[in-house]
Amino acid sequence: MRIRSLFIGRASWPIALLVAYPTASVAMPQLLFFPYEEQIGSSRVYAEAPLDPGAMRRVLKRADARLATSPLADRKVGTRVFLTNGGWRWQLLSLGSGTSLGLTRPMSDLLADAVIINRRAVSIDGGGPNGSIATRRRLSSVIAHERTHILLRHRLGWLRASTLPLWKSEGYADYVAGDSTLSADEAERLRAVGTKNPALAYYDARIRVTAALAANGGDVQKLLNAQ
């Protein structure tokens, strides 16, 4: 009986690994063996396609400059940047989210300090819009936006940060990034035709946060604490 149970246990290892490995990679994306990897400044960049180190250095410098405008930026966060091409790595790491431009996860804050980017969905800084509204976000602003979410979790704790209303969490992240997917004219055109495009909610959230900070003297903690 003992021999049989040991055999079953050993035979189950491959199945256990098939289940555990993808789960672990969500918390530690470096387990997915990205083909390209490079240290650029304080960031470790992983990519599915070859990197232009000079261009990426400029992107990260702009992202760092935007993050430094936040009084919450008392530490380096999002020091591992994973550039996916929207394929299987993105599908796994985003848990099937087809519309996001980038993301972070609380479970990765300590294990990987990771920012995950759907590189196919954003334009490289200075390259101009790629076409549709969904692809007009600059890479540096997406990185700054996602790093702001990590800062919020460090400042507020995971539970409280996760319960912030969308207009505060996403609006403040866009405020720090200094960018939105929509321009003011595009937002008005979408509103005029009654569309429910998610980008409109993010645009409105940034405008609301901008107004709230202007009214309270720029006090971010007061904004976050206000009921």
Side-chain angles (χ1 to χ4, degrees), residues 9-53 55-57 59-61 63-64 66-67 70 72-122 124 137 139-164 169-170 173 176-177:
R10 288 173 182 170
S12 299
W13 268 106
I15 297 173
L17 286 172
L18 284 173
V19 173
Y21 196 83
T23 303
S25 69
V26 173
M28 296 181 289
Q30 61 269 34
L31 294 177
L32 295 181
F33 302 108
F34 282 74
Y36 301 92
E37 179 181 344
E38 186 150 355
Q39 185 72 31
I40 301 178
S42 60
S43 297
R44 193 78 177 171
V45 182
Y46 301 75
E48 293 189 50
L51 286 169
D52 177 341
M56 195 65 205
R57 189 179 302 277
V59 165
L60 292 169
K61 185 176 180 179
D64 287 342
R66 288 307 315 171
L67 206 66
S70 172
L72 306 184
D74 58 353
R75 66 192 74 199
K76 291 284 186 181
V77 296
T79 54
R80 282 182 171 152
V81 178
F82 296 85
L83 302 176
T84 74
N85 285 345
W88 67 270
R89 286 184 179 87
W90 170 254
Q91 292 303 317
L92 174 61
L93 295 174
S94 68
L95 302 179
S97 173
T99 58
S100 299
L101 304 181
L103 57 89
T104 61
R105 296 203 181 284
M107 69 182 83
S108 294
D109 290 352
L110 294 176
L111 296 175
D113 193 26
V115 171
I116 316 297
I117 304 292
N118 182 359
R119 190 179 182 184
R120 180 179 294 175
V122 296
I124 299 300
R137 198 65 179 265
L139 181 56
S140 62
S141 77
V142 175
I143 292 172
H145 176 109
E146 297 303 332
R147 284 175 169 175
T148 301
H149 285 305
I150 301 176
L151 287 178
L152 286 169
R153 289 196 290 270
H154 277 294
R155 176 60 63 94
L156 303 176
W158 175 82
L159 183 59
R160 183 152 172 251
S162 67
T163 60
L164 282 176
S169 61
E170 300 299 344
V176 173

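Only a predicted model underlies this, so the values are computations on that prediction, with no experimental measurement involved. Excluded from the calculations below are hydrogen atoms, water molecules and symmetry mates; all remaining heavy atoms, backbone and side chain alike, are included.
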Asks: Between Leu51 and Pro53, which heavy-atom pair has the shortest distance, and what is it?
Replies: O-CD, 3.3 Å

Asks: Is it the case that over 12 heavy atoms from other parts of the model lie below 6.0 angstrom from the CG atom of Leu110?
Replies: no

Asks: Between the main-chain N or O of Gly78 and the side-chain N or O of Asp113, is there a donor-acceptor pair closer than 3.5 Å?
Replies: yes

Asks: Any idea which heavy atoms bring Ser108 and Ala27 closest together, and the distance?
Replies: OG-O, 2.9 Å

Asks: Distance-only, no hydrogens or angles: does the Ser43 side chain make a donor-acceptor pair with backbone N or O of Val45 under 3.5 Å?
Replies: no

Asks: Please table the atom pairs, donor to acceptor, closer than 3.5 Å between any side-chain atom in residues 31-38 and protein atoms at least two apart or in another chain.
Replies:
{"residue": "Glu37", "atom": "OE2", "partner": "Arg44", "partner atom": "NE", "Å": "2.9"}
{"residue": "Glu37", "atom": "OE2", "partner": "Arg44", "partner atom": "NH2", "Å": "3.1"}

Asks: Does the side chain of Phe82 come within less than 4.5 Å of Gln30's, by heavy atoms?
Replies: yes

Asks: How many angstroms lie between atom CG of Leu101 and atom CG of Asn118, to the nearest 0.5 angstrom?
Replies: 7.5 Å

Asks: For Arg57, what residues pass the side chain to side chain donor-acceptor pair (under 3.5 Å) criterion, not counting sequence neighbours?
Replies: none

Asks: So, using side chain to side chain contact (heavy atoms under 4.5 Å, CB included) as the criterion, who are the partners of Thr104 when residues are at least two apart?
Replies: Val115, Glu146, His149, Ile150, Arg153

Asks: What heavy-atom pair brings Arg80 and Leu111 nearest, and what distance separates the two atoms?
Replies: NH1-O, 3.9 Å

Asks: Side-chain contact, heavy-atom cut-off 4.5 Å: His145 with Arg66?
Replies: no

Asks: Please report the closest heavy-atom contact between Leu159 and Ser162, naming both atoms and the distance.
Replies: O-OG, 2.7 Å

Asks: Taking atom CD1 of Ile117 and atom OG of Ser100, what is their separation to the nearest 0.5 Å?
Replies: 10.5 Å

Asks: Are the side chains of Leu92 and Ser25 in contact, using a 4.5 Å heavy-atom criterion?
Replies: yes

Asks: For residues Leu93 and Val26, report the shortest heavy-atom separation together with the two atoms involved.
Replies: CD2-CA, 4.0 Å

Asks: Enter the distance from Met28:CE to Met107:CE here, rounded to the nearest 0.5 Å.
Replies: 11.0 Å

Asks: Side chain of Ser140, backbone of Leu60: donor and acceptor closer than 3.5 Å?
Replies: no

Asks: Would you say Pro29 and Ile116 make side-chain contact, with heavy atoms under 4.5 Å?
Replies: yes

Asks: Identify the two heavy atoms, one from Ala144 and one from Leu67, that lie closest to each other, and give their separation to 0.1 Å.
Replies: O-CD1, 3.7 Å

Asks: Any chance CH2 of Trp158 has more than 12 other-residue heavy atoms, nucleotides or ligands included, within less than 6.0 Å?
Replies: no

Asks: Go through the steps to decide whether Leu152 and Arg160 satisfy the test side chain to side chain contact (heavy atoms under 4.5 Å, CB included), and finish with yes or no.
Replies: CA-CA 9 Å; Leu152 286 169; Arg160 183 152 172 251; over 6 Å; no

Asks: Are the side chains of Met56 and Leu83 in touch, meaning some heavy atoms are under 4.5 Å apart?
Replies: yes

Asks: About how many Å separate OH of Tyr46 and OG1 of Thr84, when rounded to the nearest 0.5 Å?
Replies: 15.0 Å

Asks: To the nearest 0.5 Å, what is the distance between CZ on Arg75 and NE2 on His154?
Replies: 5.0 Å

